[in-house]
2 protein chains.
Amino acid sequence: MTDSNPSNTRDAEYLAKLQDYYADWKSIPSYASLCDVFGIASKSWVKAILDRLEKAGFVERTPDGMWIPTSSFFARHVADASVPAGMPVMVGSSHGDYHVIDDMLIDTPSKTTLIPVKGDSMIGAGIHDGDLAVVEKRNLANVGDIVVAIVDGDFTLKTLGKEGGKFVLRPENPDYPVIHPQGTLEIFGILVGLVRKYK
Amino acid sequence: MTDSNPSNTRDAEYLAKLQDYYADWKSIPSYASLCDVFGIASKSWVKAILDRLEKAGFVERTPDGMWIPTSSFFARHVADASVPAGMPVMVGSSHGDYHVIDDMLIDTPSKTTLIPVKGDSMIGAGIHDGDLAVVEKRNLANVGDIVVAIVDGDFTLKTLGKEGGKFVLRPENPDYPVIHPQGTLEIFGILVGLVRKYK
DNA sequence: CATCGTAAAGAACGGGCGTTCTGTTGTCAA
DNA sequence: TTGACAACAGAACGCCCGTTCTTTACGATG
């Protein structure tokens with residue numbers, strides 16, 4: 001992150017075009033096609049650009065010589081809120097950092113699942129119908145955690161509470177009742193992240 | 001799953017090998033390299049396999065003829081039984097694209113920025129302090145969109161409204177006043193996603 | 001036993017791809 | 001005014017890549 005910015009002035013915008021292309025096609029095309037993508041006419045210059053992007057750590061090559069993106073290729077800039085409007089398309093600017101959302105939210109991929117939220121029983125916690133819950137599977141949770149429990153063979157997202165020595169599932173919406181599970185409470189996992197997509 | 005499985009008996013294991021390779025290299029190599037990957041010696045048979053995988057919907061081709069994976073290429077095989085209805089999506093694991101969330105939220109990487117939310121002025125829309133706003137940069141928005149505007153050199157997240165022919169910035173919290181911008185309203189971008197991390 | 005379909009092997013070919021080298025601008029500094 | 005450098009353009013080349021065609025092995029079927 002410190003020094004991974006391209007040396008040449010326009011490389012940032014070439015990188016941006018490449019990132020947009022990759023978002024569409026999930027591959028880096030031939031030099032000839034990259035000429036169109038970059039808006040230039042010379043294959044040799046395309047190679048020069050990619051060589052610099054490689055040195056900057058945004059792309060690398062397979063043993064076959066194929067170009068592939070690195071993890072920093074996918075990183076998004078997190079704006080420093082105090083930064084005024086300016087901030088054009090600059091890569092590797094001095095402050096603010098870069099993050100891949102998946103990496104942020106998911107620690108252990110093998111134990112993490114995505115579950116769509118239905119209903120508004122947790123609206124008090126800012127969890128809306130249609131949101132995507134990022135859930136880490138485990139069967140132990142603390143009071144106060146938002147957990148995914150299995151009730152009547154269905155997933156339900158509630159805050160884990162305790163009443164009179166027994167665990168309860170508390171919705172974050174006064175219109176819904178607190179669930180007092182009979183017998184053992186089966187916990188599927190705990191909420192570690194939330195994702196919402198607009199429009 | 002009914003129809004999208006490969007017709008030939010061994011295609012499933014070829015697909016598995018291809019998925020493993022893709023997990024390592026994030027690209028589909030040349031036919032020659034695929035011979036090694038598949039453990040066969042004939043390029044023409046590699047092409048036959050890929051043609052069938054294409055017909056089955058696991059791979060497709062760019063306009064340049066490059067092979068690229070489709071979304072069902074990454075689809076997880078659902079662990080049978082014991083999983084109640086709802087069917088969560090497993091992310092990560094042995095072979096998978098780990099950029100599911102990023103892909104979901106970000107259409108145009110070069111125009112997308114992450115901005116941390118501060119304050120609770122949008123709490124009515126389920127946007128809390130500390131959340132991460134996924135913002136697509138553009139200066140046009142529709143009434144009703146949640147936009148990032150620049151007010152006094154600082155980012156502010158509000159719903160775009162209109163009052164008496166003039167645009168206003170409406171917080172989703174009765175404790176905050178509606179902002180009536182003097183002069184022109186400078187819009188930085190519109191909210192396309194929201195990310196929250198717990199703990 | 002003959003036939004068929006599947007699963008490959010292998011050769012042959014034409015074009016496109018990556019590489020390298022050289023040429024052409026425009027800009028800035030001295 | 002000269003020269004240096006960045007930012008490309010363009011051509012030339014050899015090899016590798018994708019495609020197609022032909023051939024082989026083998027199990028099932030009848």
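Protein chains get the first letters and strands the later ones, always in sequence-line order, with residue 1 at the start of each. Basis for what follows: all heavy atoms, side chains included, without hydrogens, waters or symmetry-related copies.
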Phosphate-side-chain proximity, B:Y14 and C:dA7, N/O vs OP1/OP2 below 4.0 Å = no
For D:dA6, take OP1 and OP2 only and decide whether either is under 4.0 Å from a side-chain N or O of A:R10.
-> no
Are A:L18 and A:V59 side-chain neighbours, meaning at least one heavy-atom pair lies under 4.5 Å?
-> yes
Given side chains that start at C-beta, do those of B:I127 and A:R196 come closer than 4.5 Å, heavy atoms only?
-> yes
[X] [atom1] - [N] [atom2] separation (whole Å):
{"X": "A:M66", "N": "C:dC17", "atom1": "CE", "atom2": "P", "result": "11 Å"}
{"X": "A:W67", "N": "C:dG18", "atom1": "CH2", "atom2": "C1'", "result": "11 Å"}
{"X": "B:W45", "N": "C:dA11", "atom1": "CH2", "atom2": "P", "result": "19 Å"}
{"X": "B:I40", "N": "C:dA7", "atom1": "CD1", "atom2": "C1'", "result": "9 Å"}
{"X": "B:F38", "N": "C:dA9", "atom1": "CZ", "atom2": "P", "result": "13 Å"}
{"X": "A:Y31", "N": "D:dG10", "atom1": "OH", "atom2": "P", "result": "19 Å"}
{"X": "B:I49", "N": "C:dT6", "atom1": "CD1", "atom2": "P", "result": "14 Å"}
{"X": "B:L34", "N": "C:dA8", "atom1": "CG", "atom2": "P", "result": "14 Å"}

Quick one: the side chain of B:K43 and the base of D:dG18, do they pair up donor-acceptor inside 3.5 Å?
-> yes
Where the side chain of [X] is defined as all heavy atoms beyond and including C-beta, which of [options] is the nearest nucleotide?
{"X": "B:S30", "options": "C:dG18, D:dC17, C:dA8", "result": "D:dC17"}
{"X": "B:S44", "options": "D:dC8, D:dT20, C:dT19", "result": "D:dT20"}
{"X": "A:K47", "options": "C:dT20, D:dT19, D:dC17", "result": "C:dT20"}
{"X": "A:A32", "options": "D:dC8, C:dC17, C:dT19", "result": "C:dC17"}
{"X": "A:A41", "options": "D:dT19, C:dG18, D:dA9", "result": "D:dA9"}

Between B:D51 and B:K55, is there a salt bridge with N-O shorter than 4.0 Å?
-> no
Checking B:K197 side chain against A:M104 main chain: does a donor-acceptor pair fall under 3.5 Å?
-> yes
Donor-acceptor under 3.5 Å (A:S121 side chain, A:P171 main chain) = no
Starting at the 5' end of DNA chain C, which residue's closest nucleotide do you reach first, B:G39 or A:P29?
-> B:G39
